[in-house]
Amino acid sequence: MSVDGTPETPFELGADDLAQLEAVREALLDPSPRRIGRLDQWGLADSYETYKETAEYSELSIAMADGTMLDASLSVPSNLAPGQACPAVVLPAPLINIGHRAYLRMFPRLTQGGYVVLAYSQRGLAKSTGEIHVAGPQDVADAAEVINALVQIDAVDPGRIGFFGSSYGAGTSLLAAAQDRRIKTVVGTSAWGDLFTSLYENGTRHLSAFEALVKLFGEDRCSEEFRDVIQKIRANTIDDTVREFAQARSPQTYLAQYNEAATSILVTTSWHETIFSVPAVIDFHNGLTGPKSLLVQVGDHGNGELPGLAGLLSKPTEMAYRWLDHHLGGSAGDGREPQFDVRSEYMHNLLSDLRHVSWDDYALPKKRFHLADAAAGAVDGQLSEGAPQAGWTRSVKAIGQGTGVVVAPKLVQTGLAERMGLPHVYKTAEVDRGLAAVWTSAPLKQAMRVQGDLELRVTLKPQQADAAVVAYLLDADPATGKAHIITHAPYTITDQQAGKATTVTFPLQPAHYVLAKGRQLQLVIDTHDPFFAYASTTTPVSTLDITSPQGAESYIDIPLNTLN
């Protein structure tokens with residue numbers, strides 16, 4: 001926490017939020033008029049006055065078989081009829097220094113909806129003892145022991161247990177459900193589908209996000225296995241040990257288990273998610289055959305559910321309450337039935353709310369734009385809808401320095417600004433064309449929508465081995481010279497000889513973006529973004545040629561259609 005009370009990391013709460021949370025905790029532990037009255041400054045006194053009349057709150061430690069103690073909090077509806085049993089919701093903590101207390105402000109809504117609520121911090125987090133295993137087999141075994149403790153409570157119906165988790169808690173919830181069929185339903189907000197692709201996309205390490213997570217975990221609290229993986233990723237030693245570590249922690253690995261048990265699963269992610277792979281979450285959702293739903297929102301990791309975790313309204317938590325009610329029989333939601341579909345917002349409109357029965361129904365057909373050479377007298381290449389364009393070459397310098405076009409200037413916080421209608425502005429006229437190649441489309445004759453999956457094909461000829469590129473698709477305004485990012489993707493060529501041309505085809509992050517009439521699509525390809533780490537640890541000046549040979553002409557496929 002900084003001197004003025006603002007968070008130093010994107011995962012930390014501000015001083016006022018922490019003060020409010022501690023006041024809520026004190027009122028739950030001691031529901032006296034003095035404690036509850038203190039909440040009036042945040043407009044919460046009435047809610048917790050009602051809560052104390054309908055529930056009992058306690059804090060406890062749950063002992064694991066190996067002696068590890070998990071810090072937890074429990075809320076049980078009071079005044080139950082003799083023999084009455086309630087559904088239960090378990091909430092494993094997100095990756096935040098306050099652990100399970102991040103969920104405290106959801107307790108009144110859930111408990112008054114008839115749920116027994118048990119939140120806990122996974123081993124090694126917050127006040128729980130033990131080492132951090134990153135949602136590994138030990139954490140899955142812990143979740144089973146937590147359920148064992150939960151079902152000892154008289155008020156709990158063991159046949160109606162669900163899990164809700166955000167971020168790290170989402171991963172723990174999904175992985176626990178793959179192994180324990182007592183978990184009937186799961187809600188995972190800001191979830192991951194495949195941990196390996198989240199760490200290593202198209203041969204490129206997401207090192208900036210990875211280091212932010214390691215810092216938050218606290219490296220000294222991590223298991224020996226995880227510390228070994230940390231060092232391997234830092235050293236770019238992506239071997240079987242790293243792959244097996246990630247595979248065991250990827251919900252995608254356990255699709256057969258979810259489908260056999262018909263586990264109902266709701267997952268959410270964000271278009272500009274910088275922590276976990278968005279395509280992997282979509283692939284995971286598409287692979288499920290049981291009851292399922294997917295929400296994709298404007299912004300970055302954790303942005304969408306943040307108000308809901310604070311006890312306010314958010315799409316993820318409102319959908320979660322409705323989902324849990326439908327599958328477990330509570331009444332925390334608005335009484336409406338959940339929809340089993342794909343739900344999305346488009347950049348940068350929080351009020352947008354589109355629904356489709358499946359991802360295939362959601363994604364628009366792709367329109368191919370060929371990468372062409374610059375027109376006479378122009379500097380930048382063209383994005384052309386005509387015939388394939390072969391025979392051109394555009395060269396950029398690789399010097400270990402970026403151009404100012406980046407995935408996100410700040411993890412999580414840039415996405416939060418997008419949700420507030422303040423997307424980061426890029427001035428692409430100022431981009432050094434010696435460090436980046438740029439292609440621009442003609443101005444759009446009408447408003448258009450980008451909606452679905454994108455793919456880029458280019459031929460790369462590096463002067464030296466281990467070349468990397470980062471491709472960005474932008475929404476550019478020719479009148480102002482300002483642009484906003486639509487999507488991106490990195491790609492690294494490894495074990496290639498210098499001077500060898502290699503044609504690569506790779507996906508960009510899926511997108512949902514509305515472009516106004518007169519705007520231009522702009523593709524920028526450069527060789528460096530501080531968000532990523534590269535195969536080579538040295539940064540000698542070298543040249544990378546981007547070419548379009550006959551028979552393997554360069555293109556970008558964009559799911560673009562007229563705005564209805």
Side-chain angles (χ1 to χ4, degrees), residues 64-65 87-93 118 120 122-123 133-151 156-199 225-226 240 242-269 276-295 319-320 323-324 326-328 338 340-342 358-359:
M64 300 292 99
V89 180
V90 180
L91 302 94
L118 176 62
Y120 73 96
Q122 298 90 308
R123 60 174 58 216
H133 291 259
V134 196
Q138 182 62 66
D139 295 301
V140 171
D142 289 347
E145 291 196 58
V146 168
I147 296 174
N148 292 342
L150 178 69
V151 298
V156 171
D157 181 348
R160 292 190 288 164
I161 295 174
F163 270 53
F164 171 95
S166 173
S167 185
Y168 187 53
T172 303
S173 297
L174 288 164
L175 293 161
Q179 307 300 331
D180 197 324
R181 293 202 175 182
R182 292 177 295 179
I183 303 172
K184 304 302 181 186
T185 191
V186 176
V187 177
T189 64
S190 295
W192 73 80
D194 186 310
L195 192 57
F196 185 76
T197 57
S198 296
L199 299 172
E225 178 191 28
F226 184 32
D240 288 345
V242 175
R243 294 177 185 276
E244 289 166 7
F245 179 91
Q247 184 180 34
R249 291 159 173 81
S250 297
Q252 182 77 23
T253 303
Y254 306 102
L255 275 172
Q257 286 92 321
Y258 301 120
N259 293 338
E260 184 180 351
T263 309
S264 57
I265 296 176
L266 163 62
V267 290
T268 80
T269 187
F276 301 131
S277 166
V278 179
V281 173
I282 293 168
D283 288 345
F284 172 67
H285 167 82
N286 290 345
L288 294 169
T289 58
K292 62 182 179 179
S293 190
L294 168 69
L295 169 67
M319 289 176 68
W323 189 264
L324 294 168
H326 178 82
H327 295 288
L328 300 178
F340 305 95
D341 58 5
V342 173
S358 67
W359 184 261

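Predicted model only: the values in this text are computed from it and were never measured.
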side-chain contact (heavy atoms from CB on, under 4.5 Å) for Phe163 and Thr172? Distances and angles first, verdict last. CA-CA 9 Å; Phe163 270 53; Thr172 303; 5.6 Å; no
Does anything in residues 277-292 form a side-chain hydrogen bond (donor to acceptor under 3.5 Å, both in side chains)? List the pairs, not counting sequence neighbours. Asn259-Thr289
Partner set under ring-ring contact (aromatic ring centres under 6.0 Å, His included) for Phe226, not counting sequence neighbours: Phe217, Phe245
For His326, ring-ring contact (aromatic ring centres under 6.0 Å, His included) partners two or more places apart: Phe340
Ala135 backbone acceptor or donor facing Tyr168 side chain under 3.5 Å: yes
Ignoring hydrogens and geometry, is there a side-chain-to-backbone donor-acceptor pair from Thr185 to Ser264 under 3.5 Å? yes
List the residues meeting salt bridge (Lys or Arg N to Asp or Glu O under 4.0 Å) with [X], not counting sequence neighbours, and say none if there are none.
{"X": "Glu145", "answer": "none"}
{"X": "Arg243", "answer": "none"}
{"X": "Asp194", "answer": "none"}
{"X": "Glu244", "answer": "none"}

Residue list, side chain to side chain donor-acceptor pair (under 3.5 Å) with [X], at least two apart or on another chain:
{"X": "Gln247", "result": "none"}
{"X": "Gln138", "result": "Asp142"}
{"X": "Arg160", "result": "Asp157"}

Determine which pairs satisfy ring pair (Phe, Tyr, Trp, His ring centres under 6.0 Å) with at least one residue from residues 171-193, sequence neighbours left out, and list them in order. Trp192-Phe276
Parallel, tilted or perpendicular: rings of Tyr254 and Tyr258 (30°, 60°): perpendicular
Please report the closest heavy-atom contact between Ala170 and Thr189, naming both atoms and the distance. CB-O, 3.5 Å
List in chain and number order the residues that pass side-chain contact (heavy atoms from CB on, under 4.5 Å) with Val140, two or more places apart in sequence or in another chain; answer none if no residue qualifies. Leu175, Gln179
